Undergrad: 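Dumping the structure here so I can ask a few things about it.
From a predicted model like this one, the values you see are computed outputs, not experimental measurements. Just the heavy atoms: all of them, side chains too, but no hydrogens, waters or symmetry mates, feed the values below. Each chain gets a letter, A, B and so on, in the order its sequence line appears, and its residues count up from 1.
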There are 2 protein chains.
Amino acid sequence: MKPAAPATEARQNLTVEDWARAALDTMAGGGLDAVAVEPLARQLGVTKGSFYWHFANREALLRAALELWERRETADVLARVGDEADPYERIVKVFKEANAGYRSGRLYLAIAAAEDHPLVSEFVRRVSERRMAYLVECYEALGFDPARAQHWARFAYATFMGNLQIRRDTPQLMPTGAPFNEYLKLMIKTLIPRDGLERPPAVS
Amino acid sequence: MKPAAPATEARQNLTVEDWARAALDTMAGGGLDAVAVEPLARQLGVTKGSFYWHFANREALLRAALELWERRETADVLARVGDEADPYERIVKVFKEANAGYRSGRLYLAIAAAEDHPLVSEFVRRVSERRMAYLVECYEALGFDPARAQHWARFAYATFMGNLQIRRDTPQLMPTGAPFNEYLKLMIKTLIPRDGLERPPAVS
DNA sequence: CTTGCTGCGTACGCTGGCGTATGGATAGAG
DNA sequence: CTCTATCCATACGCCAGCGTACGCAGCAAG
């Protein structure tokens with residue numbers, strides 16, 4: 001009935017997740033449109049015959065890939081820094097992770113670039129909202145009132161999204177080594193104001 | 001010889017720039033891959049026959065479109081705020097323009113998403129470098145030393161690139177009306193520190 | 001050994017977009 | 001009026017990718 005564990009493991013027997021992983025890799029490189037069935041099959045060493053056994057059509061592959069992506073984004077990224085007690089350090093970790101994990105960032109940009117696709121926009125929205133909500137929580141845990149936490153979270157999120165963009169489009173404008181650490185320190189120092197609680201600036 | 005001014009103007013006689021404009025519009029909506037010859041021709045009310053008279057191939061259209069884009073970005077965007085005397089107000093204007101001109105932002109994101117294309121990456125690099133250089137000049141005019149101007153300019157640039165991304169991918173996370181003005185004010189206040197000169201923070 | 005299911009290969013038709021060849025219409029030059 | 005250059009239409013071949021039909025090997029149950 002069910003093979004469960006491949007006995008000899010000589011038989012490769014591709015799974016749905018294998019295809020989804022390959023699709024995400026291709027996306028990170030050439031965008032959503034680059035995810036084509038036949039090239040992907042060639043890359044995996046099989047033919048379309050395999051693909052259309054596992055999936056109904058290309059749309060189903062995209063769905064599987066996006067679901068895998070969403071799971072990675074929520075479970076992995078957020079859970080890794082979730083066990084940090086200090087909310088300040090949580091934000092710092094998010095920032096450093098965002099600037100270190102370049103592959104993940106490229107993938108986000110590639111997926112988000114296809115927001116005209118209805119399926120994609122759905123996933124992007126959920127992932128982005130979840131990230132923002134996490135940041136908002138962090139800022140609220142720092143003592144910010146909801147409105148200001150919203151603003152600062154959006155501010156911070158925008159900043160490291162922009163850093164991703166800069167790193168991808170114009171890498172030469174993004175420093176490395178010591179200057180980068182200075183830059184990172186500057187952003188963290190600026191985006192996590194310690195005095196945000198006792199001195200509510202008189203906006204309006 | 002040269003029609004110069006169309007006498008009756010009944011004859012539309014598409015120009016290279018007409019095609020380039022249409023290509024940019026299509027790009028802003030569906031990305032670079034969406035710029036196809038035949039659909040574009042249909043949209044303009046002609047056939048491929050017209051296209052291949054004006055252009056050698058699709059690549060030539062992309063080049064013309066990107067050149068038009070670069071001209072717009074440099075001449076228009078930068079020249080409009082260039083006549084502002086106060087460097088502080090210049091940065092503020094850039095920020096407000098960046099958050100108001102949504103169409104321009106969408107176009108940038110769409111073009112930058114195709115950085116794997118060698119021709120595109122070339123133009124994106126030039127445009128980005130030019131924008132960054134402008135911001136660096138502004139910060140230096142405010143009294144920042146070159147290194148800090150670089151950092152703050154990159155910081156500010158990343159922030160409004162990220163705002164574009166948020167506005168495109170998750171519009172519901174971007175406030176409108178009064179809350180947006182608060183948000184804008186917060187970013188401006190934060191990204192243009194008045195005390196950046198007399199109090200060089202002890203970084204390293 | 002046979003039966004049936006699993007996982008994949010092969011071959012086909014179809015569509016959409018690229019590029020080319022060539023013809024046709026129009027307007028201005030002479 | 002004729003001629004020519006300009007601008008576009010029509011028609012074709014080509015290819016890549018999607019989806020389908022069907023075939024085939026392997027393996028496990030009976």
Side-chain angles (χ1 to χ4, degrees), chain A residues 1-23 25-27 29-66 114 116-120, chain B residues 1-23 25-27 29-66 114 116-120:
Chain A
M1 273 293 182
K2 53 172 183 172
T8 63
E9 106 173 9
R11 187 162 187 79
Q12 48 182 358
N13 269 7
L14 294 179
T15 72
V16 167
E17 205 172 306
D18 290 329
W19 285 95
R21 256 193 297 270
D25 287 351
T26 305
M27 260 187 225
L32 190 102
D33 296 331
V35 179
V37 174
E38 283 157 316
L40 217 63
R42 281 194 293 271
Q43 182 189 325
L44 289 175
V46 292
T47 66
K48 299 195 301 182
S50 173
F51 177 85
Y52 283 99
W53 192 91
H54 293 286
F55 301 93
N57 47 27
R58 181 175 176 271
E59 193 77 6
L61 169 64
L62 295 182
R63 191 183 309 273
L66 289 171
D116 42 295
H117 197 297
L119 187 60
V120 171
Chain B
M1 274 292 182
K2 53 172 181 171
T8 64
E9 106 175 10
R11 185 164 189 78
Q12 45 182 357
N13 269 5
L14 294 178
T15 71
V16 167
E17 205 173 308
D18 291 328
W19 285 95
R21 257 193 296 270
D25 287 350
T26 304
M27 260 189 226
L32 190 102
D33 296 330
V35 179
V37 174
E38 282 157 315
L40 217 63
R42 281 194 293 270
Q43 181 188 326
L44 289 174
V46 292
T47 65
K48 299 194 304 183
S50 172
F51 177 86
Y52 285 100
W53 192 90
H54 294 285
F55 300 93
N57 47 29
R58 180 174 177 272
E59 191 78 8
L61 169 64
L62 294 182
R63 192 183 309 272
L66 290 170
D116 43 295
H117 196 297
L119 187 60
V120 171

Undergrad: Grab the CZ-P distance between F55(B) and dC7(D) for me, whole Å please.
TA: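 Result: 13 Å.
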Undergrad: Closest approach to the side chain of R42(B), judged atom by atom: which nucleotide of dG17(C), dC8(D), dG7(C) is it?
TA: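 Nucleotide nearest to R42(B)'s side chain: dG17(C).
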Undergrad: So which one's nearest nucleotide on DNA chain C is more toward 5', E38(A) or T47(A)?
TA: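 Closer to the 5' end of DNA chain C: T47(A).
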Undergrad: Write down the distance between CH2 (W19(B)) and P (dC7(D)), rounded to a whole number of angstrom.
TA: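 The distance from CH2 of W19(B) to P of dC7(D) comes to 13 Å, rounded to the nearest Å.
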Undergrad: Please report, rounded to the nearest Å, how far the C1' atom of dC8(D) is from the CG atom of L40(B).
TA: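 In whole Å, dC8(D) C1' lies 16 Å from L40(B) CG.
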Undergrad: Just the rounded figure in Å: distance from P of dT20(D) to OH of Y52(A).
TA: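 Spelled out: OH on Y52(A) to P on dT20(D) is 7 Å.
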Undergrad: Starting from C1' on dG17(C), measure out to CZ on R58(B) and report it in whole angstrom.
TA: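 Distance check: R58(B) CZ to dG17(C) C1' gives 9 Å.
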Undergrad: Whole angstrom is fine here: how far is it from NE2 in H54(A) over to P in dG7(C)?
TA: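 Atom-to-atom, H54(A) to dG7(C), this comes out as 7 Å.
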Undergrad: Using atom types as modelled and distance alone, determine if a side-chain donor or acceptor of D18(B) lies under 3.5 Å from a backbone N or O of T15(B).
TA: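 Such a contact is found between D18(B) side chain and T15(B) backbone.
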Undergrad: What is the distance from CZ of F51(B) to C1' of dG17(C), rounded to the nearest Å?
TA: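 It is 12 Å, rounded to the nearest whole Å.
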Undergrad: Report yes or no: does N57(B) contribute a side-chain atom to a donor-acceptor pair with the main-chain N or O of A60(B) at less than 3.5 Å?
TA: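 Present.
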Undergrad: When the nearest nucleotide of DNA chain D is assigned to G49(A) and to V46(B) on a heavy-atom basis, which residue is associated with the more 5' position?
TA: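 Closer to the 5' end of DNA chain D: V46(B).
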Undergrad: May I ask you to say whether E38(A) pairs ionically with R42(A), meaning some side-chain N is under 4.0 Å from a carboxylate O?
TA: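 Result for this pair is no, no salt bridge flagged.
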Undergrad: Taking atom P of dC18(C) as reference, at what distance in whole Å does atom CG of N57(B) sit?
TA: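 After rounding, the gap between these two atoms is 10 Å.
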Undergrad: Report yes or no: does H117(A) contribute a side-chain atom to a donor-acceptor pair with the main-chain N or O of L32(A) at less than 3.5 Å?
TA: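 No, the answer is negative, given that no donor and acceptor are paired below the 3.5 Å cut-off.
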Undergrad: Where the side chain of L14(A) is defined as all heavy atoms beyond and including C-beta, which of dC7(D), dC8(C), dT10(D) is the nearest nucleotide?
TA: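 When the side chain of L14(A) is considered, dC8(C) is the closest of dC7(D), dC8(C), dT10(D).
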